[in-house]
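Contents: one structure, followed by commentary.
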Amino acid sequence: MTLARMPAAALAAMIAVAAPHPTLAWGATGHRLIARLAIANLPVELPLFLRGAETIAAEGELAREPDRWKGAGRIHDNSRDPAHFVDLDDNGAVLGGPSLADLPPTREAYDQALRATGSDSWKAGWLPYAIVDGWQQLAKDFAYWRVESTAIKGVANSAHRVWMVADLKRREALILDDLGALAHYVGDGSQPMHVSVHFNGWGDGPNPEGFTQNRIHAYFEGAFVHDYIDEADVARRLAPYEACRCGIEARTVAYLRSTNRQITPLFRLQKAGAFRLATADGKRFVAERLAAGADALRDDIVDAWRASAFQGVGYPAVKLADVEQRGLDPYDALYGTD
């Protein structure tokens with residue numbers, strides 16, 4: 001039997017046995033739903049090219065890319081797989097090292113803190129850093145788009161305008177790619193087993209409620225979503241945009257902490273047969289988790305857009321205000337004079 005013809009549940013079980021630490025948070029269906037719903041619910045302040053039906057469909061597919069990269073090679077996969085998860089223990093610390101609430105400011109410092117406890121970031125995962133990194137990239141992309149799209153309207157030099165028009169098209173394609181990657185990691189962050197040491201069965205340590213040790217990860221996030229959840233189930237659970245009034249680091253920590261709090265409810269539902277029997281409680285729980293991912297992604301995109309208005313681009317750095325208020329032609333800074 002080929003993989004293409006294998007039933008979803010059987011394929012999920014095979015993946016679960018093969019992978020010591022599953023990194024395919026949500027399957028194709030889940031990641032597609034999260035990205036589509038986040039884009040479909042962006043406010044009108046975002047550029048039109050980000051809000052149309054074509055972009056909604058494209059982002060649903062591009063959000064799957066970090067999973068579809070897998071198998072490219074040992075160096076490639078070893079460098080990227082830990083970006084999909086972070087192993088938080090029952091005290092909210094990363095494998096006995098730094099707490100999620102007090103993460104070091106860089107991945108280098110994070111890895112050093114984990115090595116001091118006998119672990120490292122490859123074992124523990126670095127999902128919070130992947131989300132922050134993707135958000136910062138998107139904000140910078142938006143900053144370039146803002147400057148170029150504004151300058152095109154008033155730049156006097158026709159050759160400069162022609163180049164910026166072409167570069168803006170390249171920028172829009174790049175934004176969609178970078179947004180897809182961010183969508184994936186934010187989506188990963190709404191799956192409780194991707195932010196817990198209990199990532200595929202309860203595992204080692206105290207287990208007072210007698211939760212399963214079976215590999216439940218792949219079925220929960222893949223076959224169950226594919227078979228029992230549709231877009232309407234998730235869409236009706238979306239919340240309005242919520243301003244954080246904080247940095248992306250703090251927003252990301254709050255998001256992952258809220259997901260981690262769902263690990264015990266998930267295992268209680270599993271113990272009660274909610275996923276095996278596809279009960280109303282099981283379907284509601286999964287739809288709520290997917291909605292949380294879509295909400296977080298939409299909010300991150302909005303925040304990145306708003307932050308981009310104040311970022312400099314090119315060299316010497318040009319800001320949107322330089323073009324809007326001073327009429328600066330940013331061509332040299334964007335094209336380069338070296």
Side-chain angles (χ1 to χ4, degrees), residues 35 38-56 58-59 62 105-106 129 131-183 186 240-255 295-338:
I39 301 301
N41 286 278
L42 289 173
V44 294
E45 70 184 271
L46 274 291
L48 186 59
F49 84 91
L50 275 177
R51 295 185 284 109
E54 185 175 344
T55 298
I56 292 171
E59 287 306 308
L62 291 171
T106 66
Y129 296 89
I131 293 173
V132 172
D133 173 64
W135 183 93
Q136 291 175 341
Q137 181 61 64
L138 182 64
K140 181 62 73 171
D141 288 341
F142 282 158
Y144 273 98
W145 189 92
R146 280 179 179 269
V147 167
E148 283 194 323
S149 62
T150 301
I152 286 168
K153 301 171 186 175
V155 67
N157 187 303
S158 60
H160 292 183
R161 185 168 57 255
V162 167
W163 181 87
M164 282 189 275
V165 167
D167 197 57
L168 192 63
K169 291 181 180 179
R170 291 187 285 267
R171 178 62 52 185
E172 290 179 356
L174 183 59
I175 286 172
L176 297 185
D177 284 347
D178 290 341
L179 178 52
L182 175 64
V186 173
Y241 167 80
E242 183 176 350
C244 179
R245 296 180 177 84
C246 62
I248 182 58
E249 294 86 355
R251 186 188 272 281
T252 299
V253 165
Y255 170 54
D295 285 339
L297 177 58
R298 178 207 56 221
D299 292 356
D300 281 354
I301 296 168
V302 173
D303 287 354
W305 172 253
R306 292 176 179 176
S308 70
F310 308 101
Q311 291 197 8
V313 298
Y315 182 81
V318 175
K319 294 184 178 181
L320 180 62
D322 296 323
V323 179
E324 286 184 329
Q325 299 172 18
R326 296 171 45 209
L328 180 70
D329 181 346
Y331 175 81
D332 285 346
L334 298 177
Y335 185 80
T337 57
D338 54 350

query: Donor-acceptor pair, T252 side chain versus I248 backbone, under 3.5 Å?
result: yes
- request: State which residues pass side-chain hydrogen bond (donor to acceptor under 3.5 Å, both in side chains) with W145; sequence neighbours excluded, sorted by chain then number.
  value: E172
- request: Quick one: closest heavy-atom pair of C244 and R251, and the distance?
  value: N-NH2, 3.1 Å
task: Mind checking side-chain hydrogen bond (donor to acceptor under 3.5 Å, both in side chains) for E45 and listing every partner two or more places apart, or none if nothing turns up?
output: R306
- request: Taking all heavy atoms of A309 and all of L320, pick out the closest pair and write down the distance.
  value: O-CB, 3.8 Å
statement: Separation between CG (N157) and CE (M164), nearest 0.5 Å, reads 8.0 Å
message: With heavy-atom distances below 4.5 Å as the criterion, would you say the side chains of R51 and V44 are in contact?
response: yes
query: How long is the span from the CD1 atom in I152 to the CZ atom in R161, to the nearest 0.5 Å?
result: 9.0 Å
- prompt: Is there a side-chain contact between K169 and F49, using heavy atoms and a 4.5 Å cut-off?
  reply: no
Return all side-chain donor-acceptor pairs below 3.5 angstrom for residues 131-142, not counting sequence neighbours, or 'none' if the list is empty.
from	atom 1	to	atom 2	distance (Å)
W135	NE1	D300	O	2.9
Q137	NE2	D141	OD1	3.1
K140	NZ	G312	O	2.7
D141	OD1	R171	NH1	3.0

- line: Checking K319, Q325, R326 against D322 for side chain to side chain donor-acceptor pair (under 3.5 Å), the one that qualifies is R326
If you look only at distance, which donor and acceptor atoms sit under 3.5 Å apart when one is on a side chain in residues 327-338 and the other is two or more places apart or in another chain?
from	atom 1	to	atom 2	distance (Å)
D329	OD1	Y331	N	3.0
D329	OD2	H160	ND1	2.8

query: Closest approach of Y241 and D303, non-hydrogen atoms and distance?
result: OH-OD1, 2.5 Å
- prompt: How many angstroms lie between CD1 in I175 and CD1 in I301, if you round to the nearest 0.5 Å?
  reply: 11.0 Å
- line: Rounding to 0.5 Å, atoms CG (L176) and CD (E59) come to a distance of 5.0 Å
query: With sequence neighbours excluded, what pairs up with S149 under the side-chain hydrogen bond (donor to acceptor under 3.5 Å, both in side chains) test?
result: none
statement: Residues R146 and S308: closest non-hydrogen pair is NE-OG, 2.8 Å
statement: Distance col, row Y255:OH vs D299:CG, nearest 0.5 angstrom, shows 10.5 Å
- prompt: Taking side chain as C-beta onward, heavy atoms only, is V302 less than 4.5 Å from L46?
  reply: yes
message: I'd like to check the salt bridge (charged side-chain N to carboxylate O under 4.0 Å, His left out) partners of R170; sequence neighbours left out, ordered by chain and number.
response: D167
statement: Nearest heavy-atom approach of L297 to A35 is CD2-CA, 4.0 Å
- request: Could you give me the CA-CA distance, side-chain angles and deciding distance for V155 and V323, then say whether side chain to side chain contact (heavy atoms under 4.5 Å, CB included) is met?
  value: CA-CA 9 Å; V155 67; V323 179; over 6 Å; no
- prompt: OG1/T55 to CG/L48 distance, rounded to the nearest 0.5 angstrom?
  reply: 8.5 Å
